[in-house]
Amino acid sequence: MRISKLFGKTQREVPAEAETTSHQLLLRAGMIHQVAAGVYAYLPLGWRVLNKLAAIIRNEMDRAGGQELIMPVLQPLELWQETGRDKAFGKGLFTLSDRRERQLALGPTHEEVVTELVKYNVQSYRDLPLLLYQIQNKFRDEPRPRGGLIRVREFLMKDLYSFDTDEAGLDASYQKMLQAYKNIFDRCGLPTILVEADSGAIGGKESHEFMTIAESGEDEIIYCEKCKYAANVEKAECAKEKLEAEEPLPREEVATPGAGTIEEVADFLKIPPSHTLKAVFYIADGKMVFVVIRGDIGVNEVKLQNALGCVELRLATEDEIIKAGIVAGAASPIGIKGIKVIADNSITSGANFVAGANKPETHLKNVNYPRDFKATLVTDIAQARAGDRCPKCGGKLASTRGIEVGHVFKLGTFISQKLGALFIDQNGASHPRVMGCYGIGLDRLLAAAIELNHDDKGIIWPVSIAPYQVYLCPLYKENSKAEDVAEKVYAELEAEGIEVLFDDRRESPGVKFNDADLLGIPLRVTVSPRTLEKNSAEIKKRSEKEAQLVPLEGIAIKLKELISQGLSRLSNSV
RNA sequence: CGGGGCGUAGCGCAGUCUGGUUAGCGCGCAGCGUUCGGGACGCUGAGGUCGGAGGUUCAAAUCCUCUCGCCCCGACCA
């Protein structure tokens with residue numbers, strides 16, 4: 001490709017709207033263009049990268065036994081209502097109606113459609129396991145798109161769905177996908193870690209995310225410094241400090257003037273926060289919920305939402321709390337009627353806690369569970385934090401930010417049950433198919449690749465996903481043959497199947513070198529009067545400072561060698 | 001949805017507080033000439049419903065009302 005003809009120009013200045021590095025570089029390199037909030041067009045260079053990612057993903061999906069197909073973006077809303085996931089997705093689902101007033105949704109994912117599809121094509125255990133995938137645009141009306149391609153409303157996703165006869169089969173499919181994903185991210189030059197995750201609106205029981213560590217990421221990862229434990233903060237567990245068992249004492253009212261928060265109460269009574277019980281109020285699908293947790297621990301709202309099985313969850317307002325007859329700042333789980341009480345399992349160790357008395361500026365000492373109050377449900381709803389202890393090995397937990405580039409789910413049978421997607425086993429008995437689903441957001445993957453591969457000059461593409469492999473750069477000087485020679489080199493490299501971006505502009509060297517760096521093409525070949533004196537050209541790797549002079553004769557072979565070296569380094573682990 | 005910020009040429013900005021000729025600057029773009037190993041220079045030129053609507057005024061980019069869009073933080077979110 002000749003740069004003089006390339007659609008999309010580089011920009012010297014950083015567009016004001018971009019704050020994230022990948023966003024800035026993508027715009028400056030002329031790879032994307034914003035059309036609306038969270039909606040982007042890809043220009044030729046960006047599109048080439050996206051296609052390279054797609055090719056790697058296809059290759060690994062096929063190797064893992066996947067079959068590619070394509071399903072519609074437009075889906076009947078009815079299908080979503082059948083599984084109830086229209087509610088789980090809520091406003092995130094783009095909906096529209098057709099001319100006959102039929103309700104449709106733009107697909108945010110395809111479990112329903114693929115399950116229907118498989119239902120009509122596979123009835124026997126003989127046809128399982130089955131792995132089907134597509135690479136297709138998804139639509140999600142995100143409340144807040146951000147960071148350029150990090151979170152968008154229309155995006156390209158690879159989604160694969162596995163169908164098995166039983167749990168063991170699902171485990172095997174899941175393992176295959178974990179390996180395939182690892183291969184994909186390795187080949188894209190992207191170090192990732194696998195973390196335990198919540199399954200959110202997709203549903204299901206077990207789920208993992210592939211995260212790249214990056215400050216610009218939206219997710220917080222909790223990991224153990226000692227063992228391999230790592231989890232999204234939404235899911236992360238921590239070992240809760242066990243309190244000493246004490247003999248339960250009789251309850252006792254104590255005045256706590258001016259003390260409302262846990263810190264104030266603990267300070268006032270000169271006890272550690274872990275000896276208090278914290279009350280937090282939520283509205284879950286319109287109903288008030290009373291949450292009790294040890295004073296030193298925060299509530300994890302994702303865990304709480306899962307425990308409640310509700311769709312909408314928010315903190316209650318002060319008005320709502322007062323209306324429920326509760327004294328804010330001194331709320332008590334004792335004597336609560338008509339309100340669901342959810343307790344974190346941290347309250348089951350230790351004894352004689354301080355809790356509210358439901359009287360202004362008054363608390364109760366020696367509150368004991370379950371002697372003094374009942375909870376509808378006692379489970380883990382605690383927010384793990386850096387500094388807590390690891391639930392697996394007791395080591396210290398740390399925290400970092402990450403970008404979620406892949407997410408895999410063990411769905412189980414809830415969708416196939418709802419949609420009646422059954423198969424017949426060897427004995428002629430019907431069972432629901434056991435499903436898994438596996439997604440990679442390509443746009444985000446592209447953004448993450450830049451977040452992890454750049455310097456102050458621009459992008460540094462790994463060879464495997466670079467839009468072009470070689471940047472051919474003749475330097476102009478009067479009476480020099482550099483341009484003519486470069487034309488010949490260009491023709492030769494193209495003939496050899498090397499992907500060349502030919503900077504045929506009569507720009508000054510600085511402009512060309514800076515653009516080459518910004519675009520991040522892995523290999524730069526300079527042809528100039530200086531190199532021609534030695535009948536050579538200069539090759540410089542984008543990732544390295546030093547350049548080397550190589551004879552023009554056989555330069556294509558030399559470049560091919562460097563390209564395949566770069567590729568093999570990325571696929572070492574395969 | 002709550003908080004903050006911003007909409008003036010393709011990009012980055014000034015001008016708005018305090019209303020007053022033809023709305024400026026830099027980059028980029030077009031033409032001509034000189035240059036050519038890390039964002040060269042000179043001259044000439046094109047390019048603007050000042051986000052939109054309504055209002056106040058002799059007069060609005062500037063003041064008022066409404067509205068649309070974009071970014072950031074939070075809520076939220078595979």
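Being a predicted model, the structure only gives us computed values, none of them experimental. Just so it is clear: chains get the letters A, B, ... in the order the sequence lines come, proteins before strands, and each one is counted from 1.
- In this structure, rG38(B) makes no Watson-Crick or G-U wobble pair, since no nucleotide meets both defining distances under 3.5 angstrom.
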Show me the donor-acceptor pairs within less than 3.5 Å that the side chains of residues 466-478 of chain A make with the rest of the protein, sequence neighbours left out.
residue: Tyr468(A); atom: OH; partner: Arg48(A); partner atom: NH1; Å: 3.4
residue: Gln469(A); atom: OE1; partner: Glu499(A); partner atom: N; Å: 3.1
residue: Tyr471(A); atom: OH; partner: Asp503(A); partner atom: OD2; Å: 2.7

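- Between the side chains of Glu404(A) and His407(A), a donor-acceptor pair is found at a separation under 3.5 Å.
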Inset, instruction - Heavy atoms under 4.0 Å is the rule here; annotate nucleotides 28-45 of chain B 5' to 3' with B where the base is hit, S where only the sugar-phosphate is, and - elsewhere. - result: S-------BBBBS-----

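- Remark: the backbone N or O of Ile150(A) is paired with a side-chain donor or acceptor of Arg444(A) at under 3.5 angstrom.
- Within the 4.0 angstrom heavy-atom criterion, no nucleotide atom of any strand lies near Tyr438(A).
- A donor-acceptor contact closer than 3.5 angstrom is absent between the side chains of Asn232(A) and Asp198(A).
- In the model, Glu301(A) has a side-chain atom that pairs as donor or acceptor with a side-chain atom of Tyr282(A) under 3.5 Å.
- As rounded to whole Å, 16 Å separates atom P of rC1(B) from atom CD of Glu142(A).
- A donor-acceptor contact closer than 3.5 angstrom links the side chains of His208(A) and Tyr174(A).
- Along RNA chain B, the nucleotide nearest to Pro15(A) and the one nearest to Glu218(A) differ in position, and the one closer to the 5' end is contacted by Pro15(A).
- With both ends at atom C1', the span from rU49(B) to rC68(B) equals 16 Å, rounded to whole Å.
- No hydrogens or angles considered: a donor-acceptor pair under 3.5 Å links the side chains of Ser162(A) and Tyr438(A).
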Legend entry - Trace of the salt bridge (Lys or Arg N to Asp or Glu O under 4.0 Å) decision for Glu112(A) with Arg85(A): CA-CA 9 Å; Glu112(A) 279 78 3; Arg85(A) 294 207 310 164; 2.7 Å; yes

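- To the nearest angstrom, P of rC70(B) lies 12 Å from NE2 of His33(A).
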Collect all protein-nucleotide pairs involving nucleotides 71-75 of chain B in which both atoms are nitrogen or oxygen and the distance is under 3.5 Å.
residue: rC71(B); atom: OP1; partner: Gln34(A); partner atom: NE2; Å: 2.8
residue: rC72(B); atom: OP1; partner: Gly147(A); partner atom: N; Å: 3.2
residue: rC73(B); atom: OP2; partner: Arg144(A); partner atom: NH1; Å: 3.2
residue: rC73(B); atom: OP2; partner: Arg144(A); partner atom: NH2; Å: 2.7
residue: rC73(B); atom: OP2; partner: Arg146(A); partner atom: NE; Å: 3.4

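- Base-pair partner of rU62(B): not found among the strands shown (Watson-Crick or G-U wobble, both distances under 3.5 Å).
- Atom CZ in Arg153(A) sits about 13 Å away from atom C1' in rC77(B), given to the nearest Å.
- Within the 3.5 Å criterion, the main-chain N or O of Ile381(A) finds a donor-acceptor partner in the side chain of Asp344(A).
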